[in-house]
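Single-structure report; data block below.
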Amino acid sequence: MKSRLLVLFSAALLVGTFAACKQKNAEETIATADTSQNSLDWKGTYVGVMPCADCEGINISITLNEDNSYKMERVYLTAERETFSTEGTFAWDEQGSVITLETTEAETYPSVIKVAENKLVLLDKEGKEVAGELAENYILTKLDENLIEKYWKLTELEGEPIVYKGEGAKEAFITLRTEGCKVNGNFACNTFGGTYKVKQGNKLSFSQMFSTMMMCPNMDIESKFNKALQKVDSYTVDVDADILTFYDVDMNPVAKFAAVYM
């Protein structure tokens, strides 16, 4: 009898030990599984244009920092261009895929965001992805650090090297800023500015462009550069050579630039 009880006790002990080990292994698997939080390079600035009921859109940028702090800027694309900035910290969910922006402001949108590779997906108030035709407008694209905040000197237009002619010719260049997705530069005579939009797949476009109205002895580069920016559909950056190239929708190079370091 004692022998039988001992066998039953040993079997129960083995089952309990196996169950405990199985649970521990499962917990360790969850803890070490790849998540957005631990497997993606999520730190950086993400930009996009959200829909707006009474304006052209809301230019939005969100910067996520390694210390779990963030800065969000929303610019309403109206004549007044009202700007709202929010800073604070964010927290990850248990799955390490969704963050919640912690703020004292009431009804701040967006506040719940899904983190994916090189993009943020703005979730609705129920924590779900927006569906339908406008879904793309709720996706923010991570800015390419090799593209922004650099002085890009124009070196070629449609395969032709740039040669400055005439007295007073200025150097043509372009700079894409992080803040507000603003772009500025010089056409080789007149200065220009505006905004830019980036999307997945190195897609790039410019809008709301404006420039000064001076006349220079030679306006050839100015005219071609201006038209080239209107054709831009995508870009590439050769990091090793510090070369930026703009392409049209058919992947024909329309402009090429070299980085200049002051």
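Everything quoted here is computed from the prediction, not taken from an experiment. Atom set for the values below is all heavy atoms of this structure, side chains included, hydrogens, waters and symmetry mates excluded.
- A donor atom on one side chain and an acceptor atom on the other are not found under 3.5 Å apart for Y138 and D124.
- Using a cutoff of 4.0 Å between basic side-chain nitrogens and carboxylate oxygens, K150 and E145 are not scored as salt-bridged.
- Between F187 and F192, the angle of the ring planes stays under 30°, which puts this pair in the parallel group of the 30/60° scheme.
- Using a 4.0 Å cut-off between charged nitrogen and carboxylate oxygen, E82 and R74 do not count as a salt-bridge pair.
- Between L147 atom CG and T178 atom OG1 the span is 9.5 Å, to the nearest 0.5 Å.
- K43 NZ: more than 12 foreign heavy atoms inside a 6.0 Å radius.
- The CD1 atom of I221 lies 7.0 Å from the CG atom of L154; values are rounded to the nearest 0.5 Å.
- Contact of the P110 side chain with the M72 side chain is registered, since non-hydrogen atoms from C-beta on lie closer than 4.5 Å.
- Side-chain atoms of D34 and S39 form no donor-acceptor pair, as typed in the model, at a separation below 3.5 Å.
- Sparse packing is recorded around CD of E136, with 12 or fewer heavy atoms of other residues, nucleotides or ligands lying under 6.0 Å away.
- Within a 6.0 Å sphere centred on CD of Q200, heavy atoms belonging to other residues, nucleotides or ligands number more than 12.
- Remark: the backbone N or O of Q37 is paired with a side-chain donor or acceptor of W42 at under 3.5 angstrom.
- Using a 4.5 Å heavy-atom threshold, the side chains of I62 and K71 count as separate.
- Checked against the 6.0 Å centroid criterion, the rings of F225 and W152 do not qualify as a close aromatic pair.
- Using modelled atom types, no side-chain atom of N226 and backbone atom of L229 make a donor-acceptor pair closer than 3.5 Å.
- The SG atom of C181 sits 4.5 Å away from the OH atom of Y196 when rounded to the nearest 0.5 Å.
- The pair E129-K114 meets the salt-bridge criterion, with a side-chain N (NZ, NE, NH1 or NH2) lying under 4.0 Å from an Asp/Glu carboxylate O.
- S69 and D67 get closest at one heavy-atom pair: OG-OD1, 2.6 Å.
- With a 6.0 Å radius and a threshold of 12 heavy atoms from other residues, nucleotides or ligands, K142 has its NZ atom above the threshold.
- Few gaps surround CD on Q208; more than 12 heavy atoms of other groups in view lie less than 6.0 Å from it.
- A donor-acceptor contact closer than 3.5 angstrom is absent between the side chains of N218 and Y164.
- Defined by atom type and a distance below 3.5 Å, a donor-acceptor pair is present between the side-chain atoms of S207 and T195.
- For the residue pair Y46 / T141, no side-chain donor-acceptor distance below 3.5 Å is found, with atom types taken as modelled.
- Here the CD-OG1 distance, from E94 to T35, works out to 12.5 Å after rounding to the nearest 0.5 Å.
- Checked by atom type and distance alone, the side chain of E73 never pairs as donor or acceptor with a backbone atom of T83 at under 3.5 Å.
- The structure places CD of E149 at 9.5 Å from CG of L143, a figure rounded to the nearest 0.5 Å.
- Ring centers of Y151 and Y261: at least 6.0 Å apart, outside the cut-off.
- Between V130 and N137, the closest side-chain pair of non-hydrogen atoms is not below 4.5 Å.
- No donor-acceptor distance shorter than 3.5 angstrom exists from the side chain of N65 to the backbone of N68, with no hydrogens or angles considered.
- Between F246 and F206, the gap from one ring centroid to the other is short of 6.0 Å.
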